[in-house]
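A quick note: this is a predicted structure, and the numbers were derived from the prediction, not measured.
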Amino acid sequence: MLEKRDFYINGAWVAPAKANDFPVIDPSTEEQCAVISLGDQADTDAAVSAARAAFDSWSQTSREERMALIKKLAEVYDSRQEEMAQAMSMEMGAPINLSRAQQVGAGSWHIGGFLKAFENFSFERDFTATEKTLLEPIGVCALITPWNWPMNQIILKAIPAIATGCTVVLKPSEVAPLSGHLFAEFMHEAGFPAGVFNMLNGDGPGVGSQLSSHPDVDMVSFTGSTRAGIAISKAAADTLKRVSLELGGKGANIIFEDADPKAAKAGAIRCFRNSGQSCNAPTRMLVHKSRYDEAVEMAADVANNTHVGPASEEGKHIGPVVSEVQFNKIQGLIEKGMSEARLVAGGLGRPDGLNRGYYVKPTVFADVTNDMTIAQEEIFGPVLSIIPFESEEEAVQIANDTPYGLTNYVQTEDDDKRRRVARRLRSGMVETNGQGFAQGSPFGGYKQSGNGREGGVYGLEEFLEVKAVSGWAAE
């Protein structure tokens with residue numbers, strides 16, 4: 001069993017102020033695989049103090065100095081990819097092939113995107129002939145990250161914050177903390193100055209709340225549930241710090257009558273990826289009535305033929321969900337769905353042959369209406385709801401009838417319709433016809449899906465203050 005009790009504060013690994021052991025559970029086996037310590041106020045204060053002390057000097061370093069260290073980090077990250085893949089696979093249940101290709105790959109992708117954006121990013125902009133607008137680092141940033149895409153989220157926050165001259169305190173999810181611990185090792189190996197990057201473990205009510213309300217923290221960047229995002233916003237209000245939130249989603253995948261014949265199959269596969277534990281998953285499939293029966297059959301076939309197995313198993317499959325809490329929540333919502341709609345695949349309990357581990361059957365519900373619980377709540381598991389529609393207007397209305405607004409999807413060969421519908425959808429992202437987003441594209445949502453943007457230039461700007469200076473140059 002791994003012992004990872006120490007925190008990374010002020011350039012060194014330090015023991016917690018007081019013992020507070022917390023077990024890390026391998027969701028594939030339900031066995032303890034590691035132990036960490038949850039931090040206390042004294043640990044939070046030490047990490048914030050280190051970041052505060054380092055800010056003045058770090059914020060004045062040159063673009064070239066910061067870029068050189070980030071490039072070194074990228075080298076370290078690439079050289080230790082297998083360690084990171086194994087850590088994420090064990091802690092949160094991502095199948096090892098998915099962990100290597102997509103969980104680790106997301107980190108490399110975003111580091112590259114930030115380096116490209118940073119290279120030509122302007123921190124000084126001429127407003128008039130004599131007035132200059134300066135973009136300056138906001139200060140000490142608390143980064144609170146989730147368990148479902150660990151490296152994706154840590155790098156989307158830590159790299160732009162540090163690149164722009166901020167100093168940071170990272171609190172990774174206590175449910176899946178091993179990847180965050182390993183990332184701190186990478187930062188140390190890359191040679192960042194003491195205090196620029198700090199990492200401590202803790203839960204939301206403890207370290208999370210302490211960071212959110214800390215008077216010496218200038219900004220909180222949080223990814224997680226909408227419920228937790230609301231709590232963080234309230235905790236941060238007394239100090240009026242900036243809060244950037246990337247929260248839940250209930251994405252609509254609109255399949256029009258002229259969509260690609262395999263659109264429903266692709267949508268179901270996308271919904272079940274990462275065991276459904278993605279905030280941008282297309283969990284509501286809206287299908288034109290002329291294609292509805294075909295789509296239901298196709299999605300059910302995908303569910304019935306999706307292999308579920310341990311994270312350590314090679315090959316193409318989905319793993320367990322992350323924890324017992326998550327498993328029980330999903331089971332409760334599947335049970336609710338069975339009382340609301342027509343179950344066409346999956347259902348309650350573990351898949352056949354799996355009697356231990358947090359494994360969920362890929363599940364499909366048909367004849368769903370948008371007022372049902374399964375159409376409104378973020379399930380965060382491999383559960384798809386299929387809803388029929390008759391007109392473009394009805395499809396847009398159903399898609400927008402949700403408290404969330406992260407990612408929606410449009411499938412049609414009619415380019416005018418595709419663009420028209422994309423403009424009307426109330427979400428931060430609209431993916432059309434399966435075309436993925438470019439490196440550096442802004443990631444974020446509307447409504448209860450959050451209020452910030454991550455990735456590329458937009459991600460850099462999140463961590464900057466704007467200062468106007470008159471009389472910069474003579475008339």
Side-chain angles (χ1 to χ4, degrees), residues 1-8 13 15-16 19-39 43 77 80-104 106-107 144-154 170-186 188 199-204 206-208 224 274-277 307-315 317-330 350-351 353-360 380-382:
M1 185 177 70
L2 298 173
E3 295 189 3
K4 301 289 183 180
R5 293 182 176 87
D6 289 351
F7 306 143
Y8 185 73
W13 291 99
N20 188 7
D21 283 0
F22 183 85
V24 181
I25 305 300
D26 181 340
S28 293
T29 64
E30 300 183 44
E31 299 293 333
Q32 183 173 346
C33 62
V35 61
I36 61 169
S37 184
L38 301 183
D43 304 299
Y77 187 92
R80 300 180 66 178
Q81 284 194 24
E82 183 61 20
E83 290 176 76
M84 184 61 77
Q86 294 290 343
M88 288 190 285
S89 186
M90 181 167 62
E91 70 185 358
M92 53 78 61
I96 188 60
N97 287 359
L98 177 80
S99 189
R100 288 176 180 136
Q102 296 184 31
Q103 291 280 1
V104 173
I144 303 175
T145 59
W147 45 259
N148 60 322
W149 288 91
M151 276 303 101
N152 185 74
Q153 291 310 129
I154 287 175
L170 169 69
K171 188 203 86 64
S173 169
E174 72 278 14
V175 176
L178 304 179
S179 51
H181 195 282
L182 198 55
F183 184 74
E185 291 184 19
F186 294 1
H188 184 80
M199 186 282 296
L200 74 160
N201 292 121
D203 58 16
V207 171
N274 205 39
S275 302
Q277 299 172 122
H307 176 58
V308 184
S312 59
E313 184 179 300
E314 300 277 352
H317 67 290
I318 67 172
V321 297
V322 74
S323 67
E324 183 180 10
V325 169
Q326 191 68 13
F327 177 85
N328 290 338
K329 174 195 170 188
I330 295 165
R350 296 179 177 87
L354 295 168
N355 59 11
R356 192 162 178 78
Y358 307 124
Y359 300 101
V360 175
F380 228 60

Hey, could you give me the [atom1]/[atom2] distance between [X] and [Y], rounded to the nearest 0.5 Å?
X      : Y      : atom1 : atom2 : result
Tyr359 : Phe327 : OH    : CZ    : 11.0 Å
Ser89  : Leu178 : OG    : CG    : 11.5 Å
Glu91  : Ile25  : CD    : CD1   : 12.5 Å
Glu3   : Asp21  : CD    : CG    : 8.5 Å
Phe380 : Lys329 : CZ    : NZ    : 8.0 Å

Sub-3.5 Å donor-acceptor pair from the side chain of [X] to the main-chain atoms of [Y], do we have one?
X      : Y      : value
Asp203 : Leu38  : no
Asn148 : Gln277 : yes
Ser275 : Ile318 : no
Ser37  : Arg5   : no
Gln326 : Ser323 : no
Glu30  : Gly357 : yes
Ser99  : Met88  : no
Gln32  : Met1   : no
Lys171 : Gly208 : no

Between [X] and [Y], which heavy-atom pair has the shortest distance, and what is it?
X      : Y      : answer
Ala85  : Arg100 : CB-CG, 3.6 Å
Phe7   : Met199 : CB-O, 3.4 Å
Ser173 : Pro146 : CB-C, 3.8 Å
Met92  : Pro27  : C-CG, 3.7 Å
Glu174 : Ile36  : O-CD1, 3.9 Å
Tyr8   : Ala184 : CB-CB, 4.0 Å

Please lay out, stage by stage, how Ile96 and Gln86 fare under the test side chain to side chain contact (heavy atoms under 4.5 Å, CB included). CA-CA 7 Å; Ile96 188 60; Gln86 294 290 343; 3.7 Å; yes
Quick one, [X] and [Y] - any side-chain contact, counting heavy atoms below 4.5 Å?
X      : Y      : answer
Met90  : Leu2   : yes
Lys4   : Val24  : no
Glu314 : Asn97  : yes
Glu313 : Pro95  : no
Glu185 : Trp13  : yes
Pro177 : Trp147 : no
Asp6   : Pro16  : yes

So, using ring pair (Phe, Tyr, Trp, His ring centres under 6.0 Å) as the criterion, who are the partners of Tyr358 when residues are at least two apart? none
For Trp149, side chain to side chain donor-acceptor pair (under 3.5 Å) partners two or more places apart: Ser278
As a quick check of understanding, evaluate side chain to side chain contact (heavy atoms under 4.5 Å, CB included) for Asn274 and Leu98, giving each step before the final call. CA-CA 8 Å; Asn274 205 39; Leu98 177 80; 3.6 Å; yes
Report the relative orientation of the aromatic rings in His307 and His317; use parallel for angles under 30°, tilted for 30 to 60°, perpendicular for over 60°.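 Correct class here is tilted.
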